[in-house]
Amino acid sequence: KEKLVDMALADGRAYAIISREGRSDYGDLLVIFDEESGWKRIYENDFADLKPWKIAIADIDGDGMQEILTAVRKSTHYDSREANRLFIFNYKNNQLVKKWTGSQIAGDWKQFYTGDFLPMKGEELIFVQKLSDGRERLAIYYWFAFGFIMLAESDAYDNITDLKITDSNLIKLEYGNKETAILTVKEGRILLYSE
């Protein structure tokens with residue numbers, strides 16, 4: 001009856017969000033599988049109160065160790081509305097260790113991506129923010145000391161559906177009705193790229 005909600009692979013491990021009830025929108029378990037053990041479960045943690053829906057693996061601080069990034073949907077002590085939040089963990093000595101569980105980043109967002117496409121230390125986070133007029137924009141954040149700093153944001157687009165990092169400092173954005181744009185980061189803005 002368990003159902004896989006989302007999964008990320010890195011360094012011989014699979015990091016998974018699993019729903020015990022078979023839901024497809026939110027999970028209630030974070031599970032780690034190890035390839036050397038024949039993809040056996042080596043760790044699981046009850047995340048039922050967090051409503052996790054996406055998992056990614058990235059080295060956000062550039063220390064050479066991968067972090068587990070989990071999108072969850074919940075309220076917080078300081079924000080009573082249920083919204084998307086980002087929780088970040090390290091997996092050390094068979095334990096999940098909190099690195100960052102901020103109550104808010106990137107405003108009201110619907111999706112996040114990771115990638116190392118700028119010349120700073122660590123991988124960047126790219127959020128698809130929802131704007132009050134129904135359009136969306138990208139916002140790029142990077143790790144600094146104990147939290148995140150926004151580096152750049154884009155103009156607004158209709159219905160951002162996907163993005164891919166295509167090269168150093170280049171993002172291919174899909175939006176609207178199958179439209180695409182190549183974007184670059186320059187002076188605190190995410191701009192259309194022109195050669």
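FYI, side chains are in, hydrogens and waters are out, and symmetry mates aren't considered; it's all heavy atoms of this structure.
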Both conditions, 6.0 Å and 45 degrees, for the charged tip of Lys51 above the ring of Tyr26: are they met here?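 Positive - Lys51 is close enough to the ring of Tyr26 and near enough to its axis.
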Show me the pairs that pass side chain to side chain donor-acceptor pair (under 3.5 Å) and involve residues 111-128, at least two apart or across chains.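 For residues 111-128: Lys54-Gln111.
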Are [X] and [Y] close enough that some pair of their side-chain heavy atoms sits under 4.5 Å apart?
{"X": "Leu30", "Y": "Phe87", "value": "no"}
{"X": "Lys99", "Y": "Asp61", "value": "yes"}
{"X": "Phe112", "Y": "Val128", "value": "no"}
{"X": "Ile57", "Y": "Leu69", "value": "no"}
{"X": "Leu118", "Y": "Val185", "value": "yes"}
{"X": "Ile42", "Y": "Glu36", "value": "no"}
{"X": "Arg189", "Y": "Ser154", "value": "no"}

Look up atom [atom1] in [X] and atom [atom2] in [Y], then write down how far apart they are to the nearest 0.5 Å.
{"X": "Ile88", "Y": "Ile105", "atom1": "CD1", "atom2": "CD1", "value": "7.0 Å"}
{"X": "Glu174", "Y": "Glu179", "atom1": "CD", "atom2": "CD", "value": "11.0 Å"}
{"X": "Leu96", "Y": "Ile32", "atom1": "CG", "atom2": "CD1", "value": "6.0 Å"}
{"X": "Leu183", "Y": "Leu163", "atom1": "CG", "atom2": "CG", "value": "9.0 Å"}
{"X": "Asn169", "Y": "Thr184", "atom1": "CG", "atom2": "OG1", "value": "3.5 Å"}

Give a yes or no answer on whether the side chain of [X] reaches the backbone of [Y] with a donor-acceptor pair at less than 3.5 Å.
{"X": "Lys110", "Y": "Ile160", "answer": "yes"}
{"X": "Ser19", "Y": "Ser24", "answer": "no"}
{"X": "Asp34", "Y": "Gly38", "answer": "no"}
{"X": "Asp6", "Y": "Ile17", "answer": "no"}
{"X": "Asp167", "Y": "Leu170", "answer": "no"}

So, are [X] and [Y] salt-bridged, with charged N and O less than 4.0 Å apart?
{"X": "Arg137", "Y": "Glu153", "value": "yes"}
{"X": "Asp11", "Y": "Arg13", "value": "no"}
{"X": "Asp79", "Y": "Arg85", "value": "yes"}

Please enumerate all residues that pass salt bridge (Lys or Arg N to Asp or Glu O under 4.0 Å) together with Lys164, with sequence neighbours excluded.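 Partners of Lys164 by the salt bridge (Lys or Arg N to Asp or Glu O under 4.0 Å) criterion, ordered by chain and then number, come out as Asp162.
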Got a sec, which residues hit salt bridge (Lys or Arg N to Asp or Glu O under 4.0 Å) with Lys74, two or more places apart in sequence or on another chain?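 Testing Lys74 for salt bridge (Lys or Arg N to Asp or Glu O under 4.0 Å), a comparison that skips the adjacent residues, returns none.
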Would you check, one step at a time, whether the test side-chain contact (heavy atoms from CB on, under 4.5 Å) holds for Trp109 with Asn84? CA-CA 7 Å; Trp109 56 275; Asn84 290 332; 3.7 Å; yes
Where do Trp100 and Leu86 land on the side-chain contact (heavy atoms from CB on, under 4.5 Å) test, with the steps shown first? CA-CA 8 Å; Trp100 189 83; Leu86 184 68; 4.2 Å; yes
Contact summary for [X] and [Y], nearest pair of heavy atoms:
{"X": "Tyr175", "Y": "Thr180", "answer": "CE2-C, 3.9 Å"}
{"X": "Pro52", "Y": "Val5", "answer": "O-CG1, 4.5 Å"}
{"X": "Arg81", "Y": "Asp108", "answer": "NH1-OD1, 4.5 Å"}
{"X": "Ala8", "Y": "Ala56", "answer": "CB-CA, 4.1 Å"}
{"X": "Gly115", "Y": "Ile165", "answer": "CA-CD1, 3.3 Å"}

Greater than 12 external heavy atoms within 6.0 Å of Lys172's NZ: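 Atom NZ in Lys172 is not packed in, count stays at 12 or less.
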Is there a path of hydrophobic side-chain contacts, each under 4.5 Å between heavy atoms of I/L/V/M/F/W/Y residues, joining [Y] to [X]?
{"X": "Ile55", "Y": "Ile18", "answer": "no"}
{"X": "Leu29", "Y": "Trp39", "answer": "yes"}
{"X": "Ile68", "Y": "Met65", "answer": "no"}
{"X": "Phe47", "Y": "Val31", "answer": "no"}
{"X": "Leu191", "Y": "Ile126", "answer": "no"}

Pairs where residues 16-26 contributes a residue and the test salt bridge (Lys or Arg N to Asp or Glu O under 4.0 Å) is met, not counting sequence neighbours: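 Applying salt bridge (Lys or Arg N to Asp or Glu O under 4.0 Å) to every pair that reaches into residues 16-26, excluding sequence neighbours, yields Arg20-Asp28, Arg20-Asp46, Arg23-Asp25.
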Between side-chain atoms of residues 138-151 and protein atoms elsewhere (two or more places apart, or another chain), which donor-acceptor pairs fall under 3.5 Å?
from: Tyr141; atom 1: OH; to: Ala106; atom 2: N; distance (Å): 3.3
from: Trp143; atom 1: NE1; to: Ala145; atom 2: O; distance (Å): 3.2

Among side-chain atoms of Asn90 and Glu67, is any donor-acceptor pair under 3.5 angstrom?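 Asn90 vs Glu67: donor-acceptor pair found between side chains.
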Would Asn159 and Tyr157 count as having a side-chain donor-acceptor pair, cut-off 3.5 Å?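 The answer is no; no qualifying pair exists.
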With Phe117 via ring pair (Phe, Tyr, Trp, His ring centres under 6.0 Å) - residues at least two apart: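 Ring pair (Phe, Tyr, Trp, His ring centres under 6.0 Å) check on Phe117 returns nothing, list empty.
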